[in-house]
Colleague: 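Okay, here's the structure, questions in a sec.
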Amino acid sequence: QVQLVESGGGLVQPGGSLRLSCAASGVSVDYYGIGWFRQAPGKEREKVGCSASSKGSTYYADSVKGRATISRDSAKNTVYLEMNSLKPEDTAVYYCAADPDPMACWRRPTHFDSWGQGTQVTVSS
């Protein structure tokens, strides 16, 4: 099973940007579906985006489309989520998740095998 560790969260001003990292270990995730999710207090977990393998397509939620980019660095076995034009409503704990089936990107979050511990993103002035 793959282990995932997120990093890069913190306090960001509205309009700012950040890059979250999801470092994987235990297995190469080149052909894995990697999803980014977020959960704000009192709200349901939301899929932010998903990369269906290093050569597959990428999905973005409407709430972040145009502001978010998922990329991969195969040499580092790491997947990134870059977001710009951040808004207070982007405040949440962000998680990455991995599944050996890239089609997990189009299924419920429960289909993902492995999850990271999450990283807090707070957008506030």
Colleague: Taking all heavy atoms of L4 and all of C22, pick out the closest pair and write down the distance.
Modeller: CD2-SG, 3.9 Å
Colleague: Answer yes or no: is there an ion pair linking D99 with R107, defined by an N-O contact shorter than 4.0 Å?
Modeller: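 Answer for the salt bridge query: no.
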Colleague: When you measure from the centre of the six-membered ring of W115, is the NZ or CZ of R45 closer than 6.0 Å and no more than 45° off the axis?
Modeller: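 Output yes; distance and angle both within limits.
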Colleague: Keeping the roles fixed (side chain from N77, backbone from V27), state whether a donor-acceptor pair exists under 3.5 Å.
Modeller: yes
Colleague: Quick one: list whatever passes side chain to side chain contact (heavy atoms under 4.5 Å, CB included) with S7, sequence neighbours left out.
Modeller: S21
Colleague: Between Q13 and S124, is there a donor-acceptor pair closer than 3.5 Å when you use the side chain of the first and the backbone of the second?
Modeller: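 No, Q13 side chain to S124 backbone: no donor-acceptor pair under 3.5 Å.
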Colleague: Hydrophobic clusters here meaning ILVMFWY residues chained together by side-chain heavy-atom distances under 4.5 Å, can you tell me if V123 and L18 are in one?
Modeller: yes
Colleague: Quick one: side chain to side chain contact (heavy atoms under 4.5 Å, CB included) partners of V5, sequence neighbours excluded?
Modeller: Q117
Colleague: With a 4.0 Å cut-off on N to O distance, would you call K65 and D62 a salt bridge?
Modeller: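 Judged by the 4.0 Å cut-off on N to carboxylate O distance, K65 and D62 do form a salt bridge.
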Colleague: What's the shortest heavy-atom distance between V12 and L86, and which atoms?
Modeller: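 Smallest interatomic distance, heavy atoms only, reads CG1-CD1, 3.7 Å.
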Colleague: Which heavy atom in I70 sits nearest to a heavy atom in S51, and how many Å separate them?
Modeller: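 Reported closest heavy-atom pair: CG2-CB, 3.8 Å.
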Colleague: Looking at Y59 and K47, what are the two nearest heavy atoms and their distance?
Modeller: CE2-CD, 3.5 Å
Colleague: Closest approach of P14 and S125, non-hydrogen atoms and distance?
Modeller: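 The answer is CD-N, 3.6 Å.
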Colleague: Are F37 and M83 connected in the hydrophobic side-chain network, where two residues link if heavy atoms are under 4.5 Å apart?
Modeller: no
Colleague: What are the two closest heavy atoms between F112 and G35, and how far apart are they?
Modeller: CE2-N, 3.7 Å
Colleague: May I ask you to decide if D30's main-chain N or O and S54's side chain share a donor-acceptor pair within less than 3.5 Å?
Modeller: yes
Colleague: Quick test of your reading of the model: are R67 and D90 salt-bridged, counting only N-O distances below 4.0 Å?
Modeller: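 The answer is yes: the pair qualifies as a salt bridge.
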Colleague: Examine distances only and state if a side-chain atom of S17 and a backbone atom of N84 form a donor-acceptor pair shorter than 3.5 Å.
Modeller: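 A pair under 3.5 Å: no.
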Colleague: Does the side chain of V29 come within less than 4.5 Å of V2's, by heavy atoms?
Modeller: yes
Colleague: In sequence, state the C-alpha distance, the side-chain angles, and the governing distance for T119 and V93, and then conclude on side chain to side chain contact (heavy atoms under 4.5 Å, CB included).
Modeller: CA-CA 5 Å; T119 185; V93 178; 6.0 Å; no
Colleague: Would a distance-only check, ignoring hydrogens and angles, find a side-chain to backbone donor-acceptor pair under 3.5 Å from Y94 to E6?
Modeller: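 Between the backbone of E6 and the side chain of Y94 there is no qualifying donor-acceptor contact (under 3.5 Å).
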Colleague: Between R38 and E46, does at least one N-O distance fall below 4.0 Å, as a salt bridge requires?
Modeller: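 Yes, this pair counts.
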Colleague: Could you grab the distance from atom CD of E82 to atom CH2 of W36, nearest 0.5 Å is fine?
Modeller: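 Reported value, rounded in 0.5 Å steps: 11.0 Å.
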Colleague: What residue among T78, I34, T58 forms side chain to side chain contact (heavy atoms under 4.5 Å, CB included) with R72?
Modeller: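 Only one of T78, I34, T58 forms a side chain to side chain contact (heavy atoms under 4.5 Å, CB included) with R72, namely I34.
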Colleague: With hydrophobic residues grouped by side-chain heavy-atom distances under 4.5 Å, do L81 and Y95 end up in a single group?
Modeller: no
Colleague: When hydrophobic residues are tied together by side-chain contacts of less than 4.5 Å, even through go-betweens, does Y32 share a cluster with V79?
Modeller: yes
